[in-house]
Amino acid sequence: MNEKELKVIFEEKFGEGGDIRTYFAPGRVNLIGEHTDYNGGHVFPCALTIGTYAVARKREDRVIKLYSANIERVGVIESSLDDLTNKDEYSWANYPLGVVWALIEKGSEIKSGFEMAVWGNIPNGSGLSSSASLEVLTGTVLNDFFGLDKTMTELALVGQYSENKFNGCNCGIMDQFAVAMGQKDHAIFLDCADLSYKYASVKLEGAKIVITNSKVKHSLVDSAYNDRRNESAQALADLQTVCGISTLGELTDEEFEKYGSAIKDEVCYRRAKHAVAENQRTIKAVEALNNNDIETFGKLMNASHVSLRDDYEVSCEEVDFLVETEWSVPGVIGARITGGGFGGCTVAIVENDAVENFKEVVGKAYKEKYDLDAEFYVVDIGDGARRLA
Ligand code: ADP
Ligand code: MG
């Protein structure tokens, strides 16, 4: 499948003719800085060359028709500009419909309905942000068709708002920002406190970014995610009784040592410890990368995993097994869980000539232990969401 074939599918479903346009939004992988976005810290994601394609056309009436070539069994979902509510029967289409709703809610005028067929080549629900890809993709389509004049940052914020308010996942801004603002061969060093950012060149000379999909996704992902947010917020509230901060991202490790005892609950303490340390690791990791010190970058990735596993408790047995196996493979510079957690993917930096052995050793060990076939993606860093044709 590719975007040309998607256009054929679009025409089969919705008919030929008119102003048919094609768009792409990438998935993303976060190199370091996990669960720091909603804690006012830094993240360091990059957009991928894999992602989600859309073929779309405006309609004359107020009807919205959506089709995903990834979820054929659901068929065409039909809604209307006059009925933008989240419904179970809308299935995956709640994501694009949420973006339409969010744009209108934020004051944009969507003058008519539209038809859109999508197809993605990123795994869904695996921590590579297929949901943000779909949201920013929809925003990009509507921005272009209806001349909304939104910047890419605004489209990222609209995507986040729709996921928070329409789809009930209280995600931070990282995913949508990376998908909207990605730049080929660069990762984005984003300060989530004020959305200031810098691109950092990721020229991993002699090494590749390898993503491993564990193929497991433990249930309660969204509720556990929302729990982590609440626990972090509780820790912040306790800290605010002793120091004048507005986010956990403002604290250094030393300041956390000094004030941390103000956090009453032991679980909340560990959540905050992760948020503070992970933010500091992310700052150091970007410095290391800028100095071409990839070894230090890798060590910080490893430390990030330990902290996510032990303090933030968002990993799981299968992913821990993958990461620990990856650490033992020669030529692995660093490896960690990536994404929201509770399953999904790992991200590793692996020396070029070690990649084949990495896949073999990790794949075999995982199969033996869990009888699951891990999937590997050796990825390239690509540009953000855009119109293709
Ligand atoms: P992640 O963002 O890590 O991939 P989420 O659970 O947040 O995982 O989002 C996955 C959901 O996004 C899917 O279950 C589906 O509803 C929707 N989605 C993403 N990409 C597509 C697609 N190409 N077609 C249909 N739905 C999609
Ligand atoms: Mg998601």
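Counting starts at 1 for both ligands and their atoms, in listed order. In this text, all values refer to a predicted model and were calculated from it rather than measured experimentally.
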query: Closer than 2.8 Å to the Mg ion (ligand 2), do we get an N, O or S atom from S130, backbone or side chain?
result: no
- prompt: Should F342 and V347 be counted in the same cluster of Ile, Leu, Val, Met, Phe, Trp and Tyr side chains packed under 4.5 Å apart?
  reply: no
Tabulate distances under 3.5 Å between N/O atoms of ligand 1 and N/O atoms of the protein, writing both atom names on each line.
from	atom 1	to	atom 2	distance (Å)
ligand 1	2 (O)	S130	N	3.2
ligand 1	2 (O)	S131	N	3.1
ligand 1	2 (O)	S131	OG	3.0
ligand 1	3 (O)	G127	N	2.9
ligand 1	4 (O)	G125	N	2.8
ligand 1	4 (O)	S130	N	3.0
ligand 1	4 (O)	S130	OG	2.6
ligand 1	6 (O)	K217	NZ	3.1
ligand 1	7 (O)	S131	OG	3.0
ligand 1	8 (O)	G125	N	3.2
ligand 1	20 (N)	N124	ND2	3.3
ligand 1	23 (N)	N70	OD1	2.9
ligand 1	24 (N)	S68	OG	2.7

query: Relative to the ring of H186, is the ring of Y199 parallel (under 30°), tilted (30 to 60°) or perpendicular (over 60°)?
result: perpendicular
query: Has K364 got more than 12 heavy atoms of other residues, nucleotides or ligands less than 6.0 Å from its NZ?
result: no
field: Presence of salt bridge, R57 and D19, under 4.0 angstrom
entry: no
query: Are any of the side-chain nitrogens in D175 or R28 under 4.0 Å away from the carboxylate oxygens of its partner?
result: yes
query: Can you hop from Y312 to Y269 via hydrophobic side chains spaced under 4.5 Å?
result: no
